[in-house]
Amino acid sequence: AIGSVMWNWRMLNLTGEAKYADLMERTLYNAVLPGISLDGTRYFYQNPLADRGKHRRQEWFGCACCPPNIARLLASLPGYFYSASDEGVYVHLYATSVANIPLPNGETARLVQKTNYPWDGEIEILIEDAPTIPFTLFLRVPEWTWPFKVEVISQDAQFLQGGAEMGSYRGIERQWQAGDIVRFELKMPVERIGCHPRVLANYNRVALQRGPLIYCFEQADHPETEVWDIFLHEYAELNPEFVPALLGGVTVLRGRAAAPEYGANSLYAPCLQPYRAATRPIDVTAIPYYAWANRDPGPMQVWMPTAPPWWSELQHDRNLNTTE
């Protein structure tokens with residue numbers, strides 16, 4: 001994962017294509033960060049996408065091989081946020097930060113970024129110090145957002161909206177002044193991600209993504225239902241909710257799903273109407289994948305099965321869209 005970040009950073013600098021920044025960001029949040037426990041003292045060598053509760057992070061080794069790469073990457077992370085070229089300044093990643101960016105003419109642009117990203121898509125960039133020459137500020141439009149909105153607040157109050165495709169950079173060219181503010185709003189829908197159809201283990205399964213984050217279901221949030229029993233119906237709505245007291249403060253996805261209602265002798269059953277009715281609605285919670293394995297051990301799953309095809313629309317309306 002760390003090698004992927006470094007490779008995509010070099011490809012981004014070489015080509016200027018936003019797809020490399022998108023993959024770099026996805027890897028940082030969902031492949032590098034899960035390798036570290038929330039307290040920063042334990043590490044994974046692998047990131048399983050399903051687990052029965054036995055895969056736990058290990059303490060720092062006396063002679064550590066891979067964990068020092070995590071320390072190196074985190075120490076160098078500020079260098080991945082911005083870059084400059086003859087055209088202007090590129091903003092690749094979003095987080096509260098202050099950057100002094102040298103420009104080709106020898107001057108410096110000082111940018112102050114304020115945001116609660118990745119929990120929401122509201123980003124504000126203050127041009128605290130502006131050079132004497134015009135330059136273009138390029139904002140990355142991630143592949144997962146649409147539509148987006150850009151607003152420039154200045155003495156000449158320019159308003160911009162749209163104008164770029166997902167997975168690209170939105171350029172704003174102007175003579176910037178100290179005190180100019182750029183407000184960038186990214187929509188963060190909850191998306192269901194499908195796997196390549198030839199990966200048979202993930203057939204009829206989906207993963208959940210909101211913004212740059214991939215989500216998982218962990219047993220700690222479902223004390224009355226096995227994670228393996230959860231079905232995500234294609235019409236079941238999942239809503240984001242920020243929980244400050246959970247796992248250091250995370251946005252979870254809450255909604256209604258279903259689980260089979262097993263009987264005493266139900267090892268096998270025909271896929272007919274009687275079995276179709278043998279399900280029950282349940283409340284479910286998904287957490288960001290990077291935060292799993294920081295509580296009591298238990299099953300975890302990223303690729304969730306969708307509802308069996310014999311689920312009727314009537315049952316969907318009755319069980320998934322009600323809270324009785």
Side-chain angles (χ1 to χ4, degrees), residues 1-36 38 43-50 66 69-70 72-74 76-83 90-97 113 115-121 123 138-146 148 164-170 184 186-196 199 202 205-217 238 240 247 250-253 286-293 300-304:
I2 294 170
S4 174
V5 171
M6 295 177 176
W7 171 259
N8 281 285
W9 171 247
R10 285 159 176 77
M11 292 298 293
L12 175 63
N13 284 322
L14 180 66
T15 67
E17 296 183 35
K19 66 180 181 180
Y20 296 111
D22 285 340
L23 185 53
M24 184 174 67
E25 179 184 64
R26 173 176 283 186
T27 304
L28 280 169
Y29 278 113
N30 304 297
V32 174
L33 197 55
I36 317 169
L38 292 181
Y43 304 88
F44 275 149
Y45 270 72
Q46 307 87 18
N47 286 322
L49 301 183
C66 292
N69 280 305
I70 296 179
R72 177 178 66 162
L73 180 66
L74 294 180
S76 64
L77 193 58
Y80 294 96
F81 273 72
Y82 305 90
S83 61
Y90 287 79
V91 185
H92 306 301
L93 300 176
Y94 299 111
T96 295
S97 56
Q113 187 180 157
T115 181
N116 198 34
Y117 191 92
W119 309 127
D120 65 55
I123 302 160
F138 294 94
L139 304 173
R140 181 175 62 91
V141 182
E143 61 181 356
W144 42 259
T145 189
W146 189 264
F148 67 92
E165 297 179 352
M166 297 177 290
S168 62
Y169 284 90
R170 175 65 162 103
F184 192 31
L186 303 174
K187 299 297 183 183
M188 287 189 169
V190 178
E191 294 185 300
R192 294 165 187 249
I193 305 300
C195 191
H196 194 284
V199 182
N202 290 336
R205 292 174 180 265
V206 296
L208 299 177
Q209 175 177 326
R210 180 178 180 268
L213 297 175
I214 301 296
Y215 280 74
C216 70
F217 289 79
L238 295 162
L247 296 168
V250 295
T251 292
V252 302
L253 306 180
I287 65 168
Y289 173 65
Y290 80 79
W292 86 280
M300 178 279 300
Q301 193 162 218
V302 170
W303 290 101
M304 303 300 295

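Atom set for the values below is all heavy atoms of this structure, side chains included, hydrogens, waters and symmetry mates excluded.
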Checklist entry - Are side-chain heavy atoms of L73 and L28 found at a separation under 4.5 Å? => result yes
Checklist entry - In Å and rounded to the nearest 0.5 Å, what is the CG to OH distance from L23 to Y20? => result 9.5 Å
Checklist entry - What's the shortest heavy-atom distance between N47 and G35, and which atoms? => result OD1-N, 3.9 Å
Checklist entry - Parallel, tilted or perpendicular: which fits the ring planes of Y289 and W292, with parallel below 30° and perpendicular above 60°? => result parallel
Item to check | side-chain hydrogen bond (donor to acceptor under 3.5 Å, both in side chains) between R72 and N69, intermediate numbers included | outcome: CA-CA 5 Å; R72 177 178 66 162; N69 280 305; 2.9 Å; yes
Item to check | Pair H196-N202, side-chain contact (heavy atoms from CB on, under 4.5 Å): steps then yes or no | outcome: CA-CA 8 Å; H196 194 284; N202 290 336; over 6 Å; no
Item to check | Distance in Å, L33 CG paired with L38 CG, rounded so as to fall on 0.5 Å steps | outcome: 8.0 Å
Next on the checklist: Can a donor-acceptor pair be found, under 3.5 Å and without considering hydrogens, that links the side chain of N8 to the backbone of M24?
Outcome noted: no
Next on the checklist: With a 4.5 Å cut-off on side-chain heavy atoms, are E17 and L12 touching?
Outcome noted: no
Checklist entry - Looking at P212 and M188, what are the two nearest heavy atoms and their distance? => result CD-CE, 4.3 Å
Checklist entry - Stepwise, does the side-chain contact (heavy atoms from CB on, under 4.5 Å) test hold for I193 with Y215? => result CA-CA 11 Å; I193 305 300; Y215 280 74; over 6 Å; no
Checklist entry - Looking at CG of L49 and CD1 of I214, how far apart are the two atoms once the value is rounded to the nearest 0.5 Å? => result 9.5 Å
Checklist entry - Parallel, tilted or perpendicular for Y94 and Y117, by the 30°/60° rule? => result perpendicular
Checklist outcome for this item: Here the pair of heavy atoms bringing C216 nearest to V302 is CB-CG2, 3.7 Å
Checklist entry - Where do I70 and I2 come nearest, in terms of heavy atoms and distance? => result N-CD1, 3.6 Å
Item to check | Gap separating the CG atom of L208 from the CD atom of E191, nearest 0.5 angstrom | outcome: 10.5 Å
Checklist entry - What's the verdict on side-chain contact (heavy atoms from CB on, under 4.5 Å) for Y290 and I36, showing C-alpha distance, side-chain angles and the deciding distance? => result CA-CA 8 Å; Y290 80 79; I36 317 169; over 6 Å; no
Checklist entry - With R26, which residues qualify under salt bridge (Lys or Arg N to Asp or Glu O under 4.0 Å), at least two apart? => result E143
Item to check | Closest non-hydrogen atom pair between T27 and A1, with its separation | outcome: CG2-O, 3.3 Å
Checklist outcome for this item: When F138, Y169, Y80, Y82 are each screened for ring-ring contact (aromatic ring centres under 6.0 Å, His included) with H92, the one that passes is Y169
Checklist entry - Taking C-beta and beyond as the side chain, do P240 and V190 meet within less than 4.5 Å on heavy atoms? => result yes
Checklist entry - Roughly how far apart are M304 CE and F217 CZ, rounded to 0.5 Å? => result 5.0 Å
Checklist entry - Can you list the steps and then say if R140 with L93 is a side-chain contact (heavy atoms from CB on, under 4.5 Å)? => result CA-CA 8 Å; R140 181 175 62 91; L93 300 176; 4.2 Å; yes
Checklist entry - Any idea which heavy atoms bring L253 and R210 closest together, and the distance? => result CD2-CD, 4.0 Å
Item to check | Min side-chain heavy-atom separation I123-V91 under 4.5 Å | outcome: no
Next on the checklist: Whether the side chain of T115 engages the backbone of A95 through a donor-acceptor N/O pair (distance < 3.5 Å, no angle test) should be reported.
Outcome noted: no
